[in-house]
Amino acid sequence: GITAADYTLCIYGEQENGEKQTLAEFLNLNRFGASSLTAEQQRERYSYIGSTEPVVTGGLNNLFKYKQFTLSMNLFFSFGAWVRTQPSYSPTNFDRGQNVNADILSRWTENNTTATMPRLMTSNIHPEVYTNYAEYNTFQMLDIWVKRQNYVRLQSLRVAYDLPKSFLSHIGIKSASVGLEGRNLFVVGSNYHNYLDPETM
């Protein structure tokens, strides 16, 4: 599919034979940034990566009891899905007053030529590509935004203490307990750098 393999300009596409073309050639862009390829020809420029449905999902509920103490936990896991994340910044319409995540620090600059993220662009450099990124969804379709969604989440952890029955009998209560519960305490996962929660990808 369309890749950002050359981050120097972020204007390259790669054919199936591995040959690079400028994005303008790859999508046959006109001077207005629009592709003159048919819809079918444009679809052929993309490749299928995988399903957004996970291969395996499940959970684990367990309860441990010791004398008057109870520890219960609820664990959830999901493996094998692919997700296309929202771009973390716009290379054509970047607002320096806007909050962005740390991806922006990995963009190509003259001092960072081994970058993994696309450079910020201006309309006077490759205007057809600039216009395409600004007006069409090509930038969102780059494979750099596609991630594996594998994670394990501790949904809840609860510690409870059963109050003594000798104490409760004086106030007419058969049983009662006090507890402390934490929810979404941690997530272990892959490929969700800069995301607080893999499900928000």
Side-chain angles (χ1 to χ4, degrees), residues 1-7 10-18 20-21 23 26-29 33-35 37-62 73-94 98-108 115-121 129 131-157 182-201:
I2 296 174
T3 69
D6 190 327
Y7 296 106
C10 190
I11 58 164
Y12 283 90
E14 188 171 321
Q15 296 178 313
E16 288 185 9
N17 62 9
K20 288 183 182 179
Q21 291 181 305
L23 186 65
F26 190 68
L27 292 179
N28 201 15
L29 300 181
S35 175
L37 300 176
T38 66
E40 183 178 1
Q41 289 172 324
Q42 290 185 56
R43 282 195 299 271
E44 290 173 354
R45 297 296 193 270
Y46 293 87
S47 57
Y48 179 75
I49 290 180
S51 173
T52 57
E53 293 295 322
V55 177
V56 178
T57 60
L60 174 66
N61 292 306
N62 215 332
M73 60 178 292
N74 182 8
L75 201 68
F76 177 79
F77 58 85
S78 177
F79 299 109
W82 289 94
V83 63
R84 182 164 53 88
T85 63
Q86 186 71 19
S88 54
Y89 67 94
S90 168
T92 58
N93 189 28
F94 178 66
Q98 182 180 3
N99 289 330
V100 294
N101 69 31
D103 282 345
I104 193 75
L105 301 176
S106 300
R107 75 190 185 281
W108 187 93
T116 56
M117 302 299 291
R119 69 177 294 175
L120 300 179
M121 303 174 68
V129 177
T131 304
N132 182 270
Y133 276 3
E135 303 295 333
Y136 300 91
N137 65 350
T138 306
F139 183 65
Q140 287 98 320
M141 295 297 179
L142 296 177
D143 62 354
I144 57 174
W145 306 118
V146 178
K147 313 288 185 185
R148 270 286 195 187
Q149 192 181 44
N150 301 319
Y151 65 94
V152 177
R153 177 198 303 282
L154 181 60
Q155 289 186 316
S156 66
L157 185 67
R183 295 187 178 180
N184 293 326
L185 295 177
F186 72 84
V187 178
V188 177
S190 62
N191 293 320
Y192 72 101
H193 179 65
N194 292 330
Y195 289 87
L196 297 176
D197 186 332
E199 291 182 355
T200 65
M201 293 167 62

Hey, does the side chain of Q149 reach the backbone of P198 with a donor-acceptor pair shorter than 3.5 angstrom? yes
Rounded to the nearest 0.5 angstrom, the OH-CG distance for Y46 and D143 is 11.0 Å
Are the side chain of R148 and the backbone N or O of G80 linked by a donor-acceptor pair below 3.5 Å? yes
dist N184:CG -> L157:CG (nearest 0.5 Å) comes out at 12.0 Å
Residues passing the ring pair (Phe, Tyr, Trp, His ring centres under 6.0 Å) test with F76, sequence neighbours excluded, are none
Closest heavy-atom pair and its distance - D103, M117: O-CG, 3.6 Å
Donor-acceptor under 3.5 Å (T52 side chain, V83 main chain): no
Just wondering, do L37 and R45 contact through their side chains at under 4.5 Å, heavy atoms? yes
To the nearest 0.5 Å, tell me how far N74 CG sits from R183 CZ. 9.5 Å
Which heavy-atom pair separates Y133 from M121 by the least distance, and what is that distance? CD2-SD, 3.6 Å
Given side chains that start at C-beta, do those of P118 and I144 come closer than 4.5 Å, heavy atoms only? yes
Could you state the interatomic distance from NZ (K147) to CH2 (W82), rounded to the nearest 0.5 Å? 10.0 Å
Just by distance, do the side chain of R107 and the backbone of I104 share a donor-acceptor pair under 3.5 Å? yes
Could you tell me which non-hydrogen atom of S106 sits nearest to which non-hydrogen atom of A115, and how far apart they are? O-CB, 3.2 Å
So which heavy atom on G33 is nearest to which on Y136, and how close? O-CE1, 3.4 Å
From CG (N132) to CG (L29), nearest 0.5 Å: 5.0 Å
How far apart are the closest heavy atoms of R119 and P91, and which atoms are they? O-CB, 3.3 Å
Using side-chain heavy atoms (C-beta onward) and a distance below 4.5 Å, is V55 in contact with F79? no
Short side-chain to backbone donor-acceptor contact, N150 and G189, under 3.5 Å: no
